[in-house]
Amino acid sequence: MEFHHLDPKEFYSKPTPRPKGSRRAVPATPVTPIPLPALVPSTQERLRAPRRTDWEKIHDILGVISKDLGGLGNFLKLLFYLRPHGTKDVRTNRHKTMVTQFLGGKTNVKMGHIIDLIYNHRQSQPPTNTEERHLAFSHQTLHTDMCFARPALSSWALVLVAKEARKQIGDLTNNDPTDPTDTTQMRASSNGRAKDAVVADWEKLTENLSISKMAAKYSRRGSVPWYLTEMMSAPTKGGAVVVRQRRPHTTIQVGAISSFVLSRNRYASGYLALPLAVWQFACKSHVDEKRIFSRFGFTVHDSTARACLDALTDTGLEKLRQSVAEGVAVGEMRWQYVLDNVQKFCRQRDLRLGRQDILKVGCAATAILLEDCAPGAFDLQDHLDRVMKQERKEMTTETLFDDIDWDYIHELTALHWVRILVTFIPQLAHLRKAVEAAFNSDRMTKHRLPRNRKTVVQPLGTNAERETETQGMMRAMLDFEKQMGLDEKAMEGLIITPRGDGASIAAMWRIKKYLSAHPSHYKAFRNRVPPGPEIWHTRWTKLNAISSNCFGPATAKDPFALSKSATAAGAKRPGDLKKVDFWPTSRSMILFFEARVLDCWRISFGADDIITHFSTCTSTLPDLDTLWANARTLVRRYASQQAYHQALSRDFSDSASEDMKVPRGTSWTAPIDPNAHHERATENLLELDETADGVAQSETFVEPDEEAPEENISDSDEMGRKKSKKQSRPYGGPGFFGRSNSRK
DNA sequence: TCCAACTTACCTTAACGTCG
DNA sequence: CGACGTTAAGGTAAGTTGGA
């Protein structure tokens with residue numbers, strides 16, 4: 001490699017070998033012609049011939065070569081005579097030894113030096129006007145057919161390198177024999193007859209899908225194409241390869257080589273082509289896009305991707321059944337499943353006889369791996385024993401209430417208030433890291449999922465059962481359990497937790513109720529224990545409750561109605577307040593909440609504008625502890641149950657402690673003519689049915705979730721007046737964010 | 001190393017759905 | 001009604017395998 005950096009001129013001017021290891025140190029000195037002995041005047045007759053120089057010696061040798069061997073070409077051909085296999089070696093020992101030593105690099109001058117000398121020799125380059133001038137690096141003309149040395153050498157090297165690159169890409173199309181986990185050739189499908197065919201599964205598809213892993217593999221197993229593509233793709237600085245921050249060339253090399261590999265062998269799709277094709281399917285890429293990427297060799301064909309997905313499902317289900325069976329064998333239930341209904345309305349747009357619009361109804365489910373479970377957690381007998389004890393009688397709203405760690409929730413809420421402030425105020429940006437660290441601290445984290453935990457899931461096949469019908473739900477559950485390999489025998493002595501939304505859970509409990517008289521635990525569904533509605537579903541019903549209670553009419557007069565906030569923020573008011581879209585509604589509510597929190601902060605700083613307050617602030621900025629302490633007070637004052645009571649009662653408000661006193665502002669005047677406003681509001685009331693509902697609900701606090709216990713519904717007026725022992729809690733109230741204590 | 005049989009991927013075709 | 005999109009079927013090309 002070093003020779004690339006050597007100045008070829010050194011070799012022209014230094015025919016004699018230099019001492020070992022000092023190639024660079026010796027300065028290039030011009031060769032001065034040495035006068036021949038005959039020209040030197042002498043007075044004394046010499047006894048020995050004067051010592052010849054190298055130039056003289058080579059002159060003599062060349063004379064012999066020319067005379068006896070017919071020229072340099074023939075001499076070199078004889079010198080490097082390649083004995084055909086099976087023939088006798090006619091060379092003398094001296095001949096053999098010298099050539100062996102030279103070709104083996106045992107001499108001071110090695111072949112590499114000679115190549116440089118020949119390649120860079122002035123006479124090796126064809127003159128400008130000759131045809132051979134254009135044959136440099138030619139792969140079409142054989143190097144043996146060329147006259148000049150330089151094009152012959154470059155063409156020979158090109159063909160040699162191309163051959164090797166081709167061979168190495170060819171090697172890359174096969175599984176690495178030294179690596180048993182290598183899945184270069186991963187089949188999308190197989191009928192099982194092909195020996196050792198590796199069929200795709202999710203693990204194999206994803207475990208090698210890493211650019212850095214592929215780069216390592218390509219550079220190790222295909223060093224020549226790797227070097228070539230690096231030279232072609234990498235930017236350089238002062239001759240050295242630079243890895244760019246954006247669009248690094250290694251990724252491009254991986255992409256290019258993956259395409260080359262697929263082009264050579266379409267079975268070699270395991271690196272990039274198969275995962276990318278599956279990804280394109282998942283992205284619902286346009287069919288033309290898939291075709292084009294397939295033509296470029298970036299991905300396999302769409303039909304292969306579909307075959308692969310079939311294989312993934314088959315192998316996935318097979319693995320699921322295996323894992324379930326392994327658990328059952330040691331008396332453990334390692335999986336649970338969550339189900340929901342799926343519907344698709346298929347309208348017949350092309351009307352023909354005997355066709356009509358249909359609603360396709362069915363049930364879909366996903367199996368979920370349970371991790372970190374206590375041994376015996378899914379033991380049926382233990383569960384039945386506990387049910388028999390009827391301890392549930394002891395559980396009341398109060399006991400649940402007392403189970404809540406209110407101090408923790410208060411602390412966490414206050415920290416959220418700090419977070420809202422420091423993310424909004426640029427001058428407090430330096431505290432953001434500290435706030436994040438506080439959220440991650442041991443004190444503020446309760447029962448977190450382990451970092452890097454990825455829940456293992458396996459989709460189950462859908463069926464055409466109606467989950468709303470009790471019998472349909474029963475058949476659906478039996479079908480999903482069967483897919484998981486759970487029959488009566490496997491379920492013996494174990495419980496499983498089927499999960500779903502409110503309606504699904506209700507249907508499951510209904511099944512258990514109707515079948516409760518059956519003696520078999522399995523047939524009575526006693527070993528199916530639904531844990532309660534999914535959290536995402538309860539969040540959604542809660543969001544519906546807040547929406548229908550707090551949005552108010554579209555033109556609400558109440559400045560605290562969410563409709564007002566929505567108008568101010570330019571957010572969309574949900575069309576159906578009882579069935580809101582989860583994300584847009586929750587995002588707008590978070591936005592309103594954070595805006596109001598910032599306003600509370602503004603009041604606490606005594607500022608008219610919080611941004612101006614901080615940009616013109618000359619005193620030292622508060623640290624995290626100060627802000628957190630202030631936030632605790634603010635949360636108590638503005639966002640606790642006690643604050644809510646205070647806002648409703650003048651007496652409470654007046655007798656509040658210093659910390660809880662809300663500073664009085666100026667009285668509010670309507671910005672527009674109140675009469676005109678009233679008229680507009682009335683108009684809207686006539687147009688919108690649900691607005692009347694909204695008004696009524698905002699005053700009575702109706703829980704729209706039909707599964708919520710009825711006793712929780714209470715009168716807000718009563719909530720305001722009643723006092724309980726829990727109101728003496730330090731942070732200002734029992735419910736905090738929780739429900740009222742109206743049952744006291 | 002070659003060849004035939006077999007396997008697997010590619011790609012066109014066509015049926016049918018969707019949309020303006 | 002025409003254009004376009006999705007999807008599965010099936011023919012064909014191109015690999016692999018195993019034996020001579």
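Here is how names work: the chains are called A, B, and so on, in the same order as the sequence lines, proteins then strands, and each is numbered from 1. The analysis underlying the following values was restricted to heavy atoms, covering all of them including side chains, and did not include hydrogens, waters or symmetry mates.
Look at A/Arg295 and you won't find any side-chain N or O under 4.0 angstrom from OP1 or OP2 of B/dC10. OP1 or OP2 of C/dT16 has at least one side-chain nitrogen or oxygen of A/Asn265 nearer than 4.0 Å. A close approach under 4.0 Å does not occur between any side-chain nitrogen or oxygen of A/Gln185 and OP1 or OP2 of B/dT8.
Counting to the nearest Å, the P atom of C/dA8 and the NE2 atom of A/His301 are 13 Å from each other. Atom CZ of A/Arg306 is separated from atom P of C/dA9 by 12 Å (rounded to the nearest Å). For the pair A/Leu262 CG and C/dA13 C1', the computed distance is 15 Å after rounding to whole Å. Regarding A/Tyr267, its OH atom lies at a distance of 11 Å from the P atom of B/dT7, rounded to whole Å. Atom P of nucleotide C/dT6 and atom CD of A/Gln280 are separated by 12 Å, given to the nearest angstrom. In this structure, CG of A/Leu309 is placed 14 Å from C1' of C/dT7, rounded to the nearest angstrom. One interatomic measurement links the two molecules: CE of A/Met186 to C1' of B/dT7, which rounds to 18 Å at whole-angstrom precision.
Nucleic acid contact class of A/Glu289 (heavy atoms, under 4.0 Å, all strands): none. Nucleic acid contact class of A/Ser294 (heavy atoms, under 4.0 Å, all strands): sugar-phosphate only. Residue A/Ala307 is out of contact with every strand shown, counting any heavy-atom pair closer than 4.0 Å.
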Report task. Could you walk me through whether A/Asp479 and A/Arg475 pass the salt bridge (Lys or Arg N to Asp or Glu O under 4.0 Å) test, one step at a time? Result -> CA-CA 6 Å; A/Asp479 174 54; A/Arg475 285 194 299 266; over 6 Å; no

Requested in this report: Mind running salt bridge (Lys or Arg N to Asp or Glu O under 4.0 Å) on A/Arg291 and A/Asp302 for me, showing each step along the way?
Outcome: CA-CA 7 Å; A/Arg291 282 175 184 159; A/Asp302 186 43; over 6 Å; no

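Mapping A/Arg291 and A/Ser189 onto DNA chain B by nearest heavy atom places A/Ser189 closer to the 5' end of the strand.
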Polar atom pairs (N or O), protein with nucleotides 2-5 of chain C, under 3.5 Å:
| from | atom 1 | to | atom 2 | distance (Å) |
| --- | --- | --- | --- | --- |
| C/dG5 | OP1 | A/His286 | NE2 | 2.9 |
| C/dG5 | O5' | A/His286 | NE2 | 3.3 |

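Listed for the A/Ser223 side chain is no donor-acceptor partner under 3.5 Å among the backbone atoms of A/Arg220.
Out of B/dT13, C/dA14, C/dT16, the shortest distance to the side chain of A/Arg266 is found at C/dA14. The nucleotide whose nearest atom lies closest to any side-chain atom of A/Thr304 is, among C/dA8, B/dC10, B/dC11, B/dC10. Set against B/dA9, B/dC11, B/dT13, the side chain of A/Arg187 has B/dA9 as its closest nucleotide.
Residue A/Trp156 holds its CH2 atom at 13.5 Å from CE of A/Met146, rounded to the nearest 0.5 Å.
Checking each of A/Glu481, A/Arg499, A/Gln458 against A/Tyr337 for a side chain to side chain donor-acceptor pair (under 3.5 Å) leaves exactly one that passes, namely A/Glu481.
A/Phe525 carries A/Arg528 over the face of its six-membered ring, with the cationic atom under 6.0 Å from the centre and within 45° of the normal.
Across all non-hydrogen atoms, the minimal contact from A/Ile257 to A/Ile169 is CG2-CD1, 4.0 Å.
Residues A/Phe80 and A/Phe102 form a side-chain contact, since some pair of their non-hydrogen atoms from C-beta on lies under 4.5 Å apart.
A donor-acceptor contact under 3.5 Å links the side chain of A/Ser303 to the base of B/dC11.
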